[in-house]
Amino acid sequence: MNMEYYSLLEKQNKSFQERQQFLSKEEIRYIAQKDTFPKRLRGFLTRAYYQKDKLIKRGQIVYGYVYKEWSQDVEGNVDPFSWVLISPERKIMENPSIFQKTAAKLQDFSLLPGGNRREKLLKNQLNEALSDAPFEELPQSLTEGHLIYLCKLQRPLALVSFFHLGLNLFLFNPSISKQILFLPERYMTDDFKQCYMHQQLGL
């Protein structure tokens with residue numbers, strides 16, 4: 001199938017924007033993962049915690065490429081850590097295979113010995129599950145000249161009942177917050193769900 005990635009994304013954005021201005025406080029807490037007391041305590045001393053609400057109200061939906069996940073929980077009950085590539089470029093939203101190429105380059109780069117200070121930091125972010133990388137701009141030598149960020153975050157199991165590696169939907173607005181949020185299943189269009197669940201977003 002010749003997937004028109006951008007057209008599908010435009011429809012998804014239009015659908016969410018129609019609801020975005022009318023989101024209730026309960027919905028915003030749900031998307032931000034602040035809807036229970038333990039969740040509200042997670043990261044409440046950080047700036048990013050308080051930027052989440054603005055991101056939900058004013059962010060746009062983009063494709064992000066989840067190329068790896070990790071969890072030490074064999075039961076599958078703990079939110080796993082996701083390595084995500086994200087970009088503001090329309091060209092990539094139209095041709096997300098660029099993400100796939102970048103992920104392959106990152107995998108090769110992460111195995112190389114040595115490097116300068118920045119390269120060593122990036123390798124640590126790529127290889128160590130618990131190392132922080134909320135919004136790391138990647139060297140353009142690894143992205144074919146595109147503006148692509150590496151983000152690491154936990155994927156909230158409670159928000160989506162289905163998942164696979166590859167293209168997923170995220171709330172994104174770097175002028176508001178240097179973080180991204182997984183888009184919950186309840187806000188996905190039927191068209192996107194069908195394409196996603198039938199593996200029609202494959203690259």
Side-chain angles (χ1 to χ4, degrees), residues 2-13 16 43 46-48 51-52 54-56 58-70 80-155 163-183 192 195-196 199-203:
N2 182 19
M3 172 56 60
E4 295 183 2
Y5 292 100
Y6 194 74
S7 176
L8 188 67
L9 186 62
E10 276 192 315
K11 292 178 182 177
Q12 175 65 73
N13 259 305
F16 185 71
T46 65
R47 183 182 178 190
Q51 291 174 331
K52 283 184 178 182
K54 283 186 179 180
L55 177 59
I56 293 165
R58 295 168 52 193
Q60 64 173 326
I61 298 170
V62 298
Y63 289 126
Y65 187 76
V66 184
Y67 72 91
K68 182 168 67 170
E69 285 205 322
W70 176 87
F81 286 90
S82 299
W83 282 251
V84 184
L85 300 181
I86 205 111
S87 174
E89 291 187 16
R90 174 168 174 164
K91 184 175 182 179
I92 296 180
M93 296 302 101
E94 294 173 341
N95 183 21
S97 63
I98 295 168
F99 281 143
Q100 191 177 42
K101 295 175 184 176
T102 300
K105 287 188 176 183
L106 287 176
Q107 296 283 56
D108 292 340
F109 170 80
S110 69
L111 300 174
L112 294 175
N116 59 35
R117 183 178 179 181
R118 185 185 178 192
E119 289 171 338
K120 288 179 180 177
L121 173 62
L122 178 56
K123 287 175 186 176
N124 185 61
Q125 292 169 327
L126 293 169
N127 293 324
E128 299 299 326
L130 300 181
S131 63
D132 195 33
F135 211 85
E136 183 72 24
E137 183 177 343
L138 295 173
Q140 294 195 350
S141 59
L142 298 172
T143 66
E144 298 184 346
H146 295 284
L147 177 58
I148 297 178
Y149 298 95
L150 169 69
C151 302
K152 285 167 67 178
L153 69 160
Q154 286 183 277
R155 173 170 59 86
F163 171 82
H164 56 71
L165 295 176
L167 290 182
N168 287 271
L169 296 176
F170 294 86
L171 280 165
F172 172 83
N173 190 329
S175 68
I176 293 174
S177 176
K178 301 302 182 186
Q179 64 180 322
I180 59 175
L181 295 172
F182 276 92
L183 182 71
F192 179 82
C195 290
Y196 187 93
Q199 300 285 317
Q200 293 174 340
L201 291 173
L203 303 177

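When reading the values below, keep in mind they use all heavy atoms of this one structure, side chains included, and skip hydrogens, waters and symmetry mates.
For the side chain to side chain contact (heavy atoms under 4.5 Å, CB included) test, residues two or more places apart in sequence or in another chain that qualify with D132 are P134. Partners of N95 by side chain to side chain contact (heavy atoms under 4.5 Å, CB included), not counting sequence neighbours, listed by chain and number: S97, I98. Partners of K68 by side chain to side chain contact (heavy atoms under 4.5 Å, CB included), not counting sequence neighbours, listed by chain and number: W83. In terms of the side-chain hydrogen bond (donor to acceptor under 3.5 Å, both in side chains) criterion, E144 has no residue partners (sequence neighbours excluded). Not a single ring-ring contact (aromatic ring centres under 6.0 Å, His included) links Y5 to another residue, sequence neighbours left out. Residues passing the salt bridge (Lys or Arg N to Asp or Glu O under 4.0 Å) test with E128: none are found, sequence neighbours excluded. Residues that satisfy the ring-ring contact (aromatic ring centres under 6.0 Å, His included) test with Y149, not counting sequence neighbours, are F135. Qualifying ring-ring contact (aromatic ring centres under 6.0 Å, His included) partners for F192, counting only residues two or more places apart in sequence or in other chains: Y196. Partners of E69 under the salt bridge (Lys or Arg N to Asp or Glu O under 4.0 Å) rule, at least two apart in sequence or in another chain, are R155.
In this structure, L121 CG and L126 CG are separated by 9.5 Å, a value rounded to the nearest 0.5 Å. Rounded to the nearest 0.5 angstrom, L138 CG and L150 CG are separated by 5.5 Å. Taking OG of S141 as the start and CD of E119 as the end, the distance is 7.5 Å to the nearest 0.5 Å. Here CZ of R58 is found 4.0 Å from CD1 of I176. Values are rounded to the nearest 0.5 Å. Considering CD of Q12 and CD1 of I61, their distance stands at 4.5 Å, rounded to 0.5 Å. Remark: C151 SG to K178 NZ distance equals 10.0 Å, nearest 0.5 Å.
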Atom pairs and distances, side-chain donor-acceptor, residues 103-111, under 3.5 Å, sequence neighbours left out:
unit_1: S110; atom_1: OG; unit_2: L106; atom_2: O; d: 3.4
unit_1: S110; atom_1: OG; unit_2: Q107; atom_2: O; d: 2.7

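Taking each heavy atom of I92 and S87 in turn, the nearest pair found is CD1-OG, 3.4 Å. A pairwise comparison of heavy atoms in F99 and L167 identifies CD1-CD2, 4.2 Å as the closest pair. Annotation for L142 and L122: closest pair CD1-CD2, 4.1 Å, computed over non-hydrogen atoms. Shortest non-hydrogen contact noted between I180 and L153 is O-CD1, 3.5 Å. The shortest non-hydrogen separation linking K123 to L112 is NZ-O, 2.8 Å.
In this structure, the side chains of L9 and L169 come closer than 4.5 Å at one or more pairs of heavy atoms. You'll find the side chain of N168 stays beyond 4.5 Å of the side chain of S82, heavy atoms only. Contact annotation: the side chain of F16 approaches that of L171 to within less than 4.5 Å [non-hydrogen atoms, C-beta and beyond].
Among pairs with a residue in residues 90-101, those fulfilling salt bridge (Lys or Arg N to Asp or Glu O under 4.0 Å) read R90-E94, at least two apart in sequence or across chains. Contacts classified as salt bridge (Lys or Arg N to Asp or Glu O under 4.0 Å) and involving residues 167-177 (residues at least two apart or in different chains) are not found.
Using modelled atom types, one side-chain atom of E89 and one backbone atom of L147 make a donor-acceptor pair closer than 3.5 Å.
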| request: In sequence, state the C-alpha distance, the side-chain angles, and the governing distance for K152 and F81, and then conclude on side chain to side chain contact (heavy atoms under 4.5 Å, CB included). | output: CA-CA 7 Å; K152 285 167 67 178; F81 286 90; 5.8 Å; no

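Using bins of under 30°, 30° to 60° and over 60° for the plane-to-plane angle, the ring pair F182/F170 lands in the tilted bin.
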